[in-house]
Structure formats: C-alpha cells, structure tokens
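Read the structure below first, then the notes.
Here is how names work: the chains are called A, B, and so on, in the same order as the sequence lines, proteins then strands, and each is numbered from 1.
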Number of protein chains: 2
Amino acid sequence: MALPHTILAALNTGAQSGYDLLKGFSSGSGCFWQATQQQIYRELSKLEEQGLVVPEVVPQDGRPDKKLYSITSEGQALLREWIAQPSKPTPIREELMVKVLAAHLVDPQIVIDELQRRQQQHQEQLEAYQALWECVGCANLSDLSMPLQCKCMTLRRGIRYEQSWVDWCEESIVWLRAV
Amino acid sequence: MALPHTILAALNTGAQSGYDLLKGFSSGSGCFWQATQQQIYRELSKLEEQGLVVPEVVPQDGRPDKKLYSITSEGQALLREWIAQPSKPTPIREELMVKVLAAHLVDPQIVIDELQRRQQQHQEQLEAYQALWECVGCANLSDLSMPLQCKCMTLRRGIRYEQSWVDWCEESIVWLRAV
DNA sequence: TTGACATACTCAACAAGTTGAATATAGCAT
DNA sequence: ATGCTATATTCAACTTGTTGAGTATGTCAA
C-alpha cells in the first residue's frame, strides 16, 4: 500500500509532525490519500525504524513537545524507485453504486434524496478545488515551479473527478424522477 | 463495509455459488465493488450463520459439488434497510496521484510513460462500458425494467469515471511534454 | 470555573482486505 | 504421461484501515 510513500512524499517538501500530516490529509486540498491519526503515527514509527525518516524533538512552551520528521536520503531514494514502478488503477469500492444497483427494492424517492445529498457534497468539493485552481490562475503550467505543476495536475484530476460525480447525479436524478 | 451488502445485492437477482460471485466481480461489467475468493467465501459463511442467505448443495458430475446460495427474506429486509441509510463518498486512495505529486523527483519521461499506460487501461475499460451501453441502446431508460434501469445507471457512472481519467491523462501528458 | 476547542501523542482491539497455499475433479493439448 | 486451464471450496497468516479511549497542556468564551 501507498501510505508510507504518501507520507514520504509529504515530508519531501519539508519536515512535519504527525499532527501536521494529519491536518494536511484531512484538509485534503488536492490530496488523493487520507489516513487517520493512528495510521499516521504507526507508520511514522515504522519509517523511523527503517531509517527512511528522522525525528527531531522540538520543545514548545505551553504545548506538548512535537516530533518533526524529516525524510532521509534513503527515504528519497525509496520514493524515487517507487514512483518509477508502474501502478494499477485503484479498485473501486463505491457503496452508493451497490445501492443504486439494488435500488429497485425501495421507494425511488429514497434514492433520489440520497443522490441529491451526494450531488451537493461533490458540488461543494468541486467548488473548493476550482477556487484553488483559480488562485493559481495560469493558462500554461510551464510558468510554475515543477513541484507546483505537479500539485496542479492532481488538482485538475480532483476537478474532473468531482465534476463527473455532479453530472452523473444530475442525470440519474432526472431518470429516477421519470420512473 | 459494504461487502456483505454487495453479495446480498448480487444474490438478489438469483442464486449463485461463491465461484459465480467471484466471476461476476472480476468480469466487472458495471460493478463497483470487487472482492477476492477468500473474502467472498468467508463472507458467505457469515451471511449463512446470520440466516441472510441459505445454501443448496448441488451435486455435479465430473465437477466438485457447488453450493448455490439464495438470499432469504431476512436478507432482503436487511438490504432494503441498508439502502435507505445515507452513505458517504468513498475516501480516495490513488497511488498514481501520490506519484504525480512527487513527480518532480524523477525524469518526466517516466511519468509520461506511466500516464500513457494508464490512459490506455482506462480507454479500454471505457470502450467495454460503452459497448454494453450500446447493447442497451435506448434514449430513455423508462422503457426498461427497473432492475435493468438500475444497472444502466451504474454503467453510466462507469463511463463518466473512465472518461474523466482518459481526459485527465491526455491533458497531463501534454503538460508534462511541455516541461 | 466550567466547558469547548486546538495542539500533540500513545495504546489497544477489532474489522476488512491481501497473499499464499492446499484440496479435488475433469478436459484438452503437447 | 505430463502439464495447463477451468471448476469449486477451505484454511492460515498477514497487512491495512477503523474505532475508541486515554494522557497532557493552553486558550478563549459563557
């Protein structure tokens, strides 16, 4: 799985604590991996054991000490190797689709309500991504630094993904209403 | 998780053995859940314990006996209840996006090759879905039976999903070539 | 001053998903 | 005759991901 690599990739742009990583994951902005507190701390310990990251304890006043983790050259090497290997499309596990598949068992209105709820969620995420995209506001990525260009590509993926959901929900609601 | 419900939904349209379910999952056609052999058999045992499915041993000549599982009325009731409950969007875990995020660490050509591979995979899946869609070949779903309409909705989702990937890969390859 | 919220980390236990192998029968090609 | 593919199921061990609680400290508002 890619959790260790995701953490290494996040640390690659600067040292972070477990807490920082958690916030980065949950705020999401263009991130295509997420993890809970427990997974992150567990994984950081493992990465430290393997020498792929090194911690630095930073005393803070008024707050608990924090452990700032940095990626090591071994960590970077591992990340580079991993990127070069081909990866398969993620298998899809979409609850909503299973429900739609068996939707004929229940009142169509129940499914319509659910689809409207989902459409709104995806619409909101779409708008958040679009806002970020407009912040960058440039026609050709070449004007940006490479790391920022990479970030933008994931942002474009997010926009397309959310848009495809919004459109599908719209279409499906219309169809279900006609039943 | 939705594995038990997915199995119940699959059995809802007719009795199947573990092996049949596995083939249904792996052939995929519009399916938005997948599972390994082990998961399926394990889950079928649990569902049997709970009285949500009942097995019927069918002796076959020349082949091992098969156990055909049917959904019970309890199973159907559970499925109906589950469908009525709201579900959250699936959290995304996309290895390729993590790689793209850290792509600046490696030669752009490596990433371009990977994107082309992925684009082709999604293109093939898209064409498979489109072929199924053209088999149905009707402008308004209302002409179809409800279960078939439901199936079609998931198929439309699949088409939009794969198309969004193909388009994004295309766009990203163009950008990366400009680097 | 009590409670809510944010920072910061740890431990324990369980559920879900993955990997690998073992068992058994039959057909088909080399 | 040997190995490969397909049908059909089961067991064991492991890694990931989820859930819930527990330990600290400080700020801000009611």
Can you identify which nucleotide, out of [options], has its nearest atom closest to the [X] side chain?
| X | options | value |
| --- | --- | --- |
| A:Q39 | C:dC9, C:dT19, D:dT18 | D:dT18 |
| A:M1 | C:dT18, D:dT9, D:dG17 | D:dG17 |
| B:Q38 | D:dT9, C:dA21, C:dA12 | C:dA21 |
| A:R42 | D:dT16, D:dT9, C:dG17 | D:dT16 |
| B:K46 | C:dA16, D:dT9, D:dT16 | C:dA16 |

Inset, instruction - Report the relative orientation of the aromatic rings in B:W82 and B:H5; use parallel for angles under 30°, tilted for 30 to 60°, perpendicular for over 60°. - result: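 Parallel: the ring planes of B:W82 and B:H5 meet at under 30°.
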Inset, instruction - For the residue pair A:Q163 and B:S164, confirm or rule out a side-chain donor-acceptor distance under 3.5 Å. - result: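 Result is no, nothing qualifies.
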Legend entry - Pair A:Q119, A:Q123: side-chain N/O donor-acceptor within cut-off below 3.5 Å: no
Does a side-chain N or O of [X] approach OP1 or OP2 of [N] to a distance below 4.0 Å, or not?
| X | N | value |
| --- | --- | --- |
| B:K67 | D:dT10 | yes |
| B:K23 | D:dT7 | yes |
| A:S17 | C:dC9 | yes |
| A:K66 | C:dA6 | no |
| A:Y41 | C:dC9 | yes |

Legend entry - Which residue lies more 5' along DNA chain D, comparing A:L3 with B:L68 via nearest heavy atoms: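 Closer to the 5' end of DNA chain D: B:L68.
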Legend entry - Ring-face cation contact, A:W133 with A:R156, 6.0 Å cut, 45° max: yes
Inset, instruction - Taking the six-membered ring of A:W165 (Phe, Tyr or Trp), confirm whether the NZ or CZ of B:R157 is under 6.0 Å from its centre and within 45° of its axis. - result: yes
For [X] and [N], what is the distance between atoms [atom1] and [atom2] respectively, to the nearest whole Å?
| X | N | atom1 | atom2 | value |
| --- | --- | --- | --- | --- |
| B:Y19 | C:dT23 | OH | C1' | 15 Å |
| B:D65 | C:dA24 | CG | P | 14 Å |
| B:I92 | D:dG17 | CD1 | P | 15 Å |
| A:I40 | D:dT16 | CD1 | P | 15 Å |
| A:Q16 | C:dA8 | CD | C1' | 14 Å |
| A:R93 | D:dT16 | CZ | P | 14 Å |
| B:Q37 | D:dA12 | CD | P | 16 Å |
| B:E95 | D:dT16 | CD | P | 12 Å |

Legend entry - Residue closer to the 5' end of DNA chain C, B:A35 versus A:S45 (nearest nucleotide):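 Checking each residue's closest nucleotide, the 5'-ward one belongs to A:S45.
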Inset, instruction - Nearest-nucleotide wise, let me know which of A:Y69 and B:E43 is further upstream toward the 5' end of DNA chain C. - result: A:Y69
Inset, instruction - May I ask you to say whether B:K88 pairs ionically with A:E95, meaning some side-chain N is under 4.0 Å from a carboxylate O? - result: no
